[in-house]
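Remarks on the structure that follows.
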Amino acid sequence: QVQLVESGGGLVQAGGSLRLSCAASGRTFSISGINWFRQAPGKEREFVAAINWRTGSTSYALSVKGRFTISRDNAKNTVYLQMNSLKPEDTAVYYCHAEGLEAVTANTDRYLELWGQGTLVTVSS
């Protein structure tokens, strides 16, 4: 079974940087895109960034645009989120979300999506 494993979270001072990783373990599938979401205590989960696996096209939430960069390593089935100029309001659990196609039979695919367990990012003021 495919699983997503996030890593790279931790405690950092405001203005500092962190690099998060999201790697697929076990059986993989044909990834179409990977997204990053985050959720702070008492808040709704919000979109952070996304990358199209095939084209490399990226999308960012306005709140992180210019500070965060999402990138991919197709061979490793891994996505990175470089976070610079971190602010206390960036404090949250960060989750990666993968979507793609899984081969059920030789001529049948199905859409698949899965979530990682999250990695905590804490930015101190």
Side-chain angles (χ1 to χ4, degrees):
Q1 184 70 27
V2 180
Q3 288 187 317
L4 297 179
V5 180
E6 301 102 330
S7 62
L11 175 64
V12 66
Q13 208 168 4
S17 299
L18 282 174
R19 187 196 193 200
L20 305 184
S21 298
C22 176
S25 63
R27 183 180 176 183
T28 59
F29 62 103
S30 298
I31 298 172
S32 62
I34 291 184
N35 314 303
W36 284 98
F37 291 80
R38 67 186 182 187
Q39 187 168 24
K43 304 294 184 180
E44 293 186 19
R45 188 170 297 185
E46 65 175 347
F47 169 80
V48 176
I51 186 166
N52 183 289
W53 205 255
R54 181 178 65 85
T55 68
S57 178
T58 59
S59 181
Y60 299 93
L62 182 61
S63 60
V64 307
K65 188 173 294 184
R67 299 188 298 119
F68 291 10
T69 303
I70 186 170
S71 61
R72 74 194 193 282
D73 186 331
N74 300 63
K76 296 180 178 180
N77 286 328
T78 300
V79 160
Y80 306 97
L81 184 67
Q82 179 66 46
M83 307 186 297
N84 299 325
S85 301
L86 284 163
K87 306 174 181 179
E89 50 263 45
D90 294 319
T91 295
V93 176
Y94 284 70
Y95 300 90
C96 63
H97 171 263
E99 53 190 326
L101 295 175
E102 178 185 43
V104 179
T105 67
N107 60 352
T108 304
D109 296 335
R110 64 182 175 185
Y111 177 77
L112 180 67
E113 61 179 333
L114 64 156
W115 292 88
Q117 292 187 340
T119 185
L120 177 63
V121 172
T122 302
V123 184
S124 62
S125 59

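Treat the numbers as computed from the prediction; the structure is a model and nothing was measured.
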F68 versus V48: any side-chain heavy-atom pair under 4.5 Å?
yes
Heavy-atom closest pair, residues A23 and T78
CB-OG1, 3.6 Å
Counting only heavy atoms not in Q117 (residues, nucleotides, ligands), do more than 12 fall under 6.0 Å from its CD?
no
Short side-chain to backbone donor-acceptor contact, T91 and P88, under 3.5 Å:
yes
Spatial distance of atom CZ (R72) from atom OG1 (T58) [nearest 0.5 Å]:
10.0 Å
For E89, what residues pass the salt bridge (Lys or Arg N to Asp or Glu O under 4.0 Å) criterion, not counting sequence neighbours?
none
Identify the two heavy atoms, one from S125 and one from A14, that lie closest to each other, and give their separation to 0.1 Å.
CA-CB, 4.4 Å
For a side chain to side chain contact (heavy atoms under 4.5 Å, CB included) check, start with the C-alpha distance between W53 and S32, then their side-chain angles and the critical distance, and finish with the verdict.
CA-CA 5 Å; W53 205 255; S32 62; 5.6 Å; no
Indicate the ring-plane relationship of F37 and F47, choosing parallel, tilted or perpendicular according to the 30° and 60° boundaries.
perpendicular
Could you name each residue pair satisfying side chain to side chain donor-acceptor pair (under 3.5 Å) that touches residues 4-22, not counting sequence neighbours?
S17-N84
Indicate yes or no: at least one non-hydrogen side-chain atom of E46 is less than 4.5 angstrom from one of R38.
yes
Could you tell me if the side chain of L20 sits less than 4.5 Å from the side chain of V121, heavy atoms only?
yes
Could you grab the distance from atom CG of L81 to atom CD1 of I34, nearest 0.5 Å is fine?
11.5 Å
Tell me whether the NZ or CZ atom of R45 lies within the 45° cone about the ring axis of Y95 and under 6.0 Å from its centre.
yes
Atom pair CD1 (I31) and CD (E102), whose distance is rounded to the nearest 0.5 Å:
12.5 Å
N35 side, atom CG; I51 side, atom CD1 - distance, nearest 0.5 Å:
10.5 Å
Would you say M83 and Y80 are hydrophobically clustered, going by side-chain heavy atoms of ILVMFWY under 4.5 Å?
no
Determine, stepwise, if the pair I70 / W36 fulfils side chain to side chain contact (heavy atoms under 4.5 Å, CB included).
CA-CA 9 Å; I70 186 170; W36 284 98; 3.6 Å; yes
Do Y94 and W115 sit in the same hydrophobic cluster, where Ile, Leu, Val, Met, Phe, Trp and Tyr count as joined when their side-chain heavy atoms come under 4.5 Å apart?
no
Can you measure from OG (S63) to CG (D90) and round to the nearest 0.5 angstrom?
7.0 Å
Any side-chain heavy-atom pair from Y60 and T69 closer than 4.5 angstrom?
yes
For residues L114 and L4, report the shortest heavy-atom separation together with the two atoms involved.
O-CD1, 3.4 Å
Using 0.5 Å steps for rounding, measure from the CG atom of L101 to the CG atom of L112.
9.0 Å
